[in-house]
Amino acid sequence: FTEGEHIFLDNTHPRKTEALNTLIQILESLEHQLKAKMIVLRDFTPNEEIHSYFQGQGFVRVAMPDSCEIDLSEHKNLETYISELSARNRRHLRKEILETEPLLNIKIMDSCSDGLLKQMEILYSNVHQNNLGLNTFSFPSKLFKNMAEHPNWEFITISPKDEPEKMIGVMLCYKNIHKTYIPAFVGMAYNYLQQFHIYRQLLFQTIKRAIELNYNHIALGLTAGFEKRKLGATVYSIYAYIQTADNYTLELMGILEFS
């Protein structure tokens with residue numbers, strides 16, 4: 001479920017290279033024990049020193065989908081946030097989101113029935129099968145139940161006002177202790193996508209909710225950078241480093257890096 005910095009390195013320490021060498025040795029030992037096919041280290045921003053080190057260890061750098069975030073530290077309410085969007089993006093917001101918002105039931109839920117959890121699971125499965133830009137994986141049913149029972153998870157759900165029992169979109173969100181709001185997973189009914197602009201509506205409701213909670217930051221995750229940028233997100237490039245003993249895979253990864 002994680003996104004962001006996964007490696008913590010004291011760049012001022014004289015033995016930092018020794019620490020990295022030890023890390024690689026442990027990773028390669030685990031790779032052998034677990035019979036893994038490759039080692040993947042992810043979510044790196046451009047860094048020439050780190051890049052040179054991992055290249056020297058036989059890793060190939062591969063571009064990941066862009067990562068997106070919103071800084072809310074200067075925004076005390078939704079109105080000021082919207083006012084700082086570009087004129088074009090405010091037009092998109094009015095036409096595609098604010099005009100359809102009154103047609104929807106929008107709820108924030110921190111617990112729900114098994115029936116609602118099943119609807120969420122089905123909606124998430126729709127995205128899992130359709131989002132080819134990100135290689136997500138299926139979840140067991142008990143995971144959704146565990147989320148509903150955990151105090152840090154909540155669900156933003158939308159349904160048409162004329163079909164209030166029919167959930168057509170859900171954002172599964174995590175609230176961390178550092179006042180970062182994390183819309184980790186999304187579920188949608190694709191047959192309602194254009195009519196209600198479900199994905200854009202869920203993004204907007206996510207921003208609205210984070211401001212309501214007085215959070216400082218939203219970690220919007222990977223892919224859909226264009227849609228997220230229209231709602232004020234900052235989009236930046238991140239990379240993964242991959243090491244494998246399979247020469248064909250290495251050659252393919254090398255082609256991908258430079259394509």
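For this chain, numbers begin at 1 and follow the sequence in order.
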Margin query: side chain to side chain contact (heavy atoms under 4.5 Å, CB included) for Lys228 and Tyr199? Distances and angles first, verdict last.
Written below: CA-CA 10 Å; Lys228 294 168 183 176; Tyr199 185 61; 3.1 Å; yes
Check: Would Phe139 and Asn146 satisfy side chain to side chain contact (heavy atoms under 4.5 Å, CB included), going step by step from the backbone distance to the final call?
Finding: CA-CA 12 Å; Phe139 293 149; Asn146 290 343; over 6 Å; no
Margin query: Checking Gln57 against Leu20 for the side chain to side chain contact (heavy atoms under 4.5 Å, CB included) test, could you report, in this order, the C-alpha distance in whole Å, the side-chain angles of both residues, the deciding distance, and whether it holds?
Written below: CA-CA 10 Å; Gln57 298 295 320; Leu20 283 170; over 6 Å; no
Next item on the list: Assess whether side chain to side chain contact (heavy atoms under 4.5 Å, CB included) is satisfied between Lys118 and Phe144, documenting all intermediate values.
Entry: CA-CA 8 Å; Lys118 187 61 180 177; Phe144 294 90; over 6 Å; no
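Ser125 is linked by a side-chain contact (heavy atoms from CB on, under 4.5 Å) to Gln129, counting only residues two or more places apart in sequence or in another chain. Gln33 is linked by a side-chain contact (heavy atoms from CB on, under 4.5 Å) to Ser29, Leu30, counting only residues two or more places apart in sequence or in another chain. For Lys16, the salt bridge (Lys or Arg N to Asp or Glu O under 4.0 Å) partners at least two apart in sequence or on another chain are Glu49.
Ser67 approaches Ile238 most closely through the heavy-atom pair CB-CD1, 3.8 Å. Nearest approach of Ile70 to Ala233, heavy atoms of both residues: CG1-CA, 3.6 Å.
In this structure, the side chain of Glu69 does not engage the main chain of Thr234 through any donor-acceptor pair within 3.5 Å. Side-chain atoms of His150 come within 3.5 Å of backbone N or O of Asn152 as a donor-acceptor pair. In this structure, the side chain of Tyr53 engages the main chain of Asn21 through a donor-acceptor pair within 3.5 Å. Panel note: side chain Lys179, backbone Asn214; a donor-acceptor pair is recorded below 3.5 Å. A donor-acceptor pair under 3.5 Å is absent between the side-chain atoms of Lys230 and the main chain of His92, judged by distance alone. Remark: side-chain polar atoms of Arg42 are not paired, donor with acceptor, to backbone N or O of Ala240 under 3.5 angstrom.
Under the 4.5 Å side-chain criterion, counting only non-hydrogen atoms from C-beta, Leu41 is not in contact with Ile7.
Interatomic distance, Ile39 CD1 to Phe54 CZ, rounded to the nearest 0.5 Å: 10.0 Å. To the nearest 0.5 Å, atoms OH (Tyr215) and OH (Tyr181) are separated by 8.5 Å. A distance of 9.5 Å separates OG1 in Thr206 from CG in Leu231, rounded to the nearest 0.5 Å. Rounding to the nearest 0.5 angstrom, the gap separating the OG atom in Ser86 from the CZ atom in Arg229 is 11.5 Å. With values rounded to the nearest 0.5 angstrom, Glu227 atom CD is found 12.0 Å from Leu220 atom CG. In this structure, His197 NE2 and Gln194 CD are separated by 7.0 Å, a value rounded to the nearest 0.5 Å.
With hydrophobic clusters built from ILVMFWY side chains whose heavy atoms lie under 4.5 angstrom apart, Val235 does not share a cluster with Leu85. Ile122 and Phe155 fall into different hydrophobic clusters, where Ile, Leu, Val, Met, Phe, Trp and Tyr residues are linked whenever their side-chain heavy atoms come under 4.5 Å apart, directly or through other members. The cluster map of Ile, Leu, Val, Met, Phe, Trp and Tyr, joined by side-chain heavy atoms under 4.5 Å apart, puts Leu202 and Tyr190 in the same cluster.
Checked by atom type, the side-chain pair Asn47/Tyr239 shows no donor-acceptor distance below 3.5 Å.
Taking a 6.0 Å sphere around NZ of Lys175, one finds it holds more than 12 heavy atoms contributed by other residues, nucleotides or ligands.
Using cut-offs of 30° and 60° for the angle between ring planes, the Tyr124 and Phe185 rings count as perpendicular.
Residue pairs that meet the salt bridge (Lys or Arg N to Asp or Glu O under 4.0 Å) test with at least one member in residues 202-223, sequence neighbours left out, are Glu101-Lys208, Glu154-Arg209, Arg209-Glu212. The salt bridge (Lys or Arg N to Asp or Glu O under 4.0 Å) analysis of residues 18-35, with sequence neighbours excluded, yields the pairs Arg15-Glu18.
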In residues 156-171, what donor-acceptor pairs under 3.5 Å come from side-chain atoms, sequence neighbours left out?
unit_1: Ser159; atom_1: OG; unit_2: Pro164; atom_2: O; d: 3.3
unit_1: Lys161; atom_1: NZ; unit_2: Pro102; atom_2: O; d: 3.1
unit_1: Glu163; atom_1: OE1; unit_2: Tyr192; atom_2: OH; d: 3.0

